[in-house]
Number of protein chains: 2
Amino acid sequence: MVGMPYFTDTEQLMPSALNMKRVSIKDIAAKAGVVPSTVSLVLNGKARQMRISAELEERVKKIAEEEGYMPNQTAVSLRTGRSKLLGLIVEDISNVFFASLAKIIEDKANERGFKILYCSTDNDDEKGNDLIKVLHNRGVDGFLITPSPGMQKEVSRLIAQHKPVVLMDRYFPGLSGAYVLADNYSGVADGMKHLLDKGYRNIGYVTNDLGQIQMIEREKAFTDTMGRFLEAPDQKILRLPYHVPTAEAVEMISSFLKENTDLDAVFFATNYLGIFGLESVGQLGLAVPSDLAIVCFDDHDIFRLMVPGITCVRQPIEEIATAAIDLLIRQLEEDETIGEDMHQFKLPSLVIRNST
Amino acid sequence: MVGMPYFTDTEQLMPSALNMKRVSIKDIAAKAGVVPSTVSLVLNGKARQMRISAELEERVKKIAEEEGYMPNQTAVSLRTGRSKLLGLIVEDISNVFFASLAKIIEDKANERGFKILYCSTDNDDEKGNDLIKVLHNRGVDGFLITPSPGMQKEVSRLIAQHKPVVLMDRYFPGLSGAYVLADNYSGVADGMKHLLDKGYRNIGYVTNDLGQIQMIEREKAFTDTMGRFLEAPDQKILRLPYHVPTAEAVEMISSFLKENTDLDAVFFATNYLGIFGLESVGQLGLAVPSDLAIVCFDDHDIFRLMVPGITCVRQPIEEIATAAIDLLIRQLEEDETIGEDMHQFKLPSLVIRNST
DNA sequence: TTTTTCATACAAATCGTTTTAAAAGTATTG
DNA sequence: CAATACTTTTAAAACGATTTGTATGAAAAA
């Protein structure tokens, strides 16, 4: 400590809680009368291997315990190149779907000693790409991403650099990386079959204009089903702009419904669209399901509690999150048996309520 | 580079994207023909101050730009002791209230160059305390916390160590630290006054059993209002255990309502309790508001979309989040004028719908 | 007794930065 | 012309850990 008189003698004798420095490996080493590297070896379980005496091992462990020593994770990261940090990039953390994903992922990650850095892209490609760079630069060990279309290049760069990545909810068809998502096609197909079974024939479809793969697959299931089961399907599709205020979106849905009075059912492609739709239906004073039947992709508390309850296609959120984090951690641990599980589609379930 | 033949010559000439190392300050220095410290000074805007020639400054900046250099944040953190990381500890990230807080906080933090490490306590004191330690150990620059009661000691330790901390949604009355939350008392008082104005007299109250300060203040507003305006108030209060499955909670509310058939209104102390309540009311087939009026603390999409809409006391989430992050960043920047703003109560607003 | 071998712990390099002190060269002054 | 003062850049230490190679002494083998 020569040349570093941070404390006066008195202060050193009575270190107040206020200026107490965090205890480092040097402090432990000093207290144990050994050198820091010895402490490191002991605390990392390499005492046996390095033939450190059992007596010393015990002493060091005891002191570390007493002093409440925790290795400075920043220093560990710098030295080892592993941060025990995972980057979670979602569309919008305040959306229930993503927030639920985030919760499950957090729990599973914590079990394995990982912490989560989260970010929302708001479906902005540039923001998403920036986030990848920033998180990468912060040394996250791996990524969980619900990418927007313009993120393909950055994502593939990560994969090329062998950074562990798992995509969720969307994927890039051309890309070899891992992904986990609901089987959107079969989900919508199930919902559509249910509507047709119930006798609905003039079915409208409300989606957004983002052109994301999962939305395209849902829409394809809609048009395919209509085409297969109806002779001359008159497909009414509304594609709402993504960045539009709630009130305006509701207005657009109302116009759509008023222009297509022959519709007897509407399929909403996401839960937030469904919620807009409910608001619109309420304003127009339409009775559900007698005037108009409703099915929605994604469940929501609202759909369960509404009277009538809203029939929906529920994504297996827990399954998706669990599979995604497992896949990511297996990549981190360089599990070679991962190949066949790289691409997972989880089956959604149809929840039939009184809106159909 | 003598003694470090990481690449063969051929590889060096053709660095594939696969094994390309991240570009470090050394690389920039080598390319510019200077020493790393010079690069650091230039890139940190200290060129002028250190009298580095304008010519060299330009050259270094250009090369850094071309090479897409970003300082390794882990190394920066270790060296400077500042991580540009904020720890966000909430009760449950999958709850809309906290997820909304998280989104706003994320946005504001990003504007200032901070990233967020989030964690959920699930109202488990031990977990919460662990999280504080772990995040502290990871070098977060400051904390935003919705603490559970058992976290007081750890929180006060942070404050004693002059770690910037802002509590949200709850606080510890004895503690000097900063906090921002809704004015729970006046929120419930407003809601109660509204019920009394509408003529309801037999009002029940449903809360949880956590004993958190915000819940206590809400309950106190209920009992005070009842006491002040009614002569012999017969206060019916149900305190639901926190860790109880949904179905069971709904069942308990139903029992409560069946045991107190004289109730003409119920006040729910949080949105998730309100949602349980709606489910119970639905099961019992009670008409709202003719059989039973409902007011809920915290708004929710459901309350707006339900028929009838549910009257609620809406917390100013955006205001709370904005104030909290501002307060935190002011602490980080050692703003001395912070004293008077340390404790902020934001006024909730009464949203009157058709359930009353 | 001298040389090997083992057991044990230490020393030093390293990760990628920042920051302070020092050095080298040029210009100015007395 | 020597001393002083600037300019400009470099060198080295530090942050807190991990990891590899080395040093030391004692016991075993020659």
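The shown structure was predicted, so the numbers you read here are calculated from the model rather than taken from an experiment. Proteins get letters first, then strands, A, B, ... in listed order; numbering begins at 1 in each.
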Practice task
Taking only Lys NZ, Arg NE, NH1 and NH2, and the carboxylate oxygens of Asp or Glu, determine whether A:K115 and A:D141 approach each other closer than 4.0 Å.
Solution key: no

Exercise for the section: Select base, sugar-phosphate, or nothing to describe what B:L56 touches, counting heavy atoms under 4.0 Å on all strands. Expected result: sugar-phosphate

Problem - Residue-level proximity of residues 72-83 of chain A to DNA chain C when a heavy atom falls under 4.0 Å - result: A:L78, A:R79

Exercise for the section: Would you please confirm or rule out a distance under 4.0 Å between OP1 or OP2 of D:dG16 and any side-chain N or O of A:Y69? Expected result: no

Handout entry: Flag if over 12 foreign heavy atoms under 6.0 Å of CD, B:E126
Key = no

Exercise for the section: Give a yes or no on this: more than 12 heavy atoms of other residues, nucleotides or ligands lie within 6.0 Å of atom CD of B:E65. Expected result: no

Problem - Separation of atom NZ in A:K84 from atom C1' in D:dA17, rounded to whole Å - result: 16 Å

Practice task
Look only at the side chain of A:E91 and the backbone of A:T121, and say whether a donor-acceptor pair between them is shorter than 3.5 Å.
Solution key: no

At a cut-off of 3.5 Å, list every protein nitrogen or oxygen paired with a nitrogen or oxygen from nucleotides 23-29 of chain C, distance to 0.1 Å.
none

Handout entry: Integer-rounded Å distance: C:dT8 P and A:R48 CZ
Key = 10 Å

Handout entry: Out of C:dA11, C:dT20, D:dT18, whichever nucleotide has its closest atom nearest the side chain of A:I25
Key = D:dT18

Problem - Within 6.0 angstrom of B:K127 NZ, more than 12 heavy atoms from elsewhere - result: yes

Completion exercise
Closest to the 5' end of DNA chain D, once A:L41 and B:I52 are matched to their nearest nucleotides, is B:I52

Exercise for the section: Describe the nucleic acid contact of A:G33 in one word from base, sugar-phosphate, nothing, applying a heavy-atom distance below 4.0 Å. Expected result: sugar-phosphate

Exercise for the section: Using only side-chain N and O atoms of A:T38, determine if any of them is under 4.0 Å from OP1 or OP2 of C:dC10. Expected result: yes

Problem - Side-chain N,O (A:K26) to OP1/OP2 (D:dG16) below 4.0 Å - result: no

Exercise for the section: Decide yes or no for B:V90 and B:Y118: does some side-chain heavy atom of the first lie under 4.5 Å from some side-chain heavy atom of the second? Expected result: no

Exercise for the section: Using atom CD of B:E55 as one end and atom C1' of D:dT8 as the other, report the distance to the nearest whole Å. Expected result: 12 Å

Practice task
Starting at atom CE of A:M70, determine the distance to atom P of D:dT18, rounded to an integer number of angstrom.
Solution key: 13 Å

Handout entry: Sole residue of B:K26, B:R22, B:K31 in salt bridge (charged side-chain N to carboxylate O under 4.0 Å, His left out) with B:E67
Key = B:K31

Exercise for the section: Round to a whole Å and report the spacing from CE of A:M50 to C1' of C:dT8. Expected result: 11 Å

Fill in the blank from the handout: Of the listed C:dT19, D:dT19, C:dC10, the closest approach to the A:K46 side chain comes from D:dT19

Practice task
Take the protein atom CZ of A:R51 and the nucleotide atom P of C:dT5, then report the distance between them rounded to whole Å.
Solution key: 13 Å

Practice task
Can you figure out which of C:dC10, D:dT9, D:dT18 approaches the side chain of B:S53 most closely?
Solution key: D:dT9

Handout entry: Listed partners of A:S156 passing side-chain contact (heavy atoms from CB on, under 4.5 Å), at least two apart
Key = A:L175

Exercise for the section: Could you please name the option among D:dT18, C:dT17, C:dA11 that lies closest to any side-chain atom of B:S24? Expected result: C:dT17

Exercise for the section: Using distance alone, with no hydrogens and no angle criterion, decide if A:Q73 and B:N137 have a side-chain donor and acceptor under 3.5 Å apart. Expected result: no

Problem - B:E66 and B:K61 ion-paired at < 4.0 Å - result: no

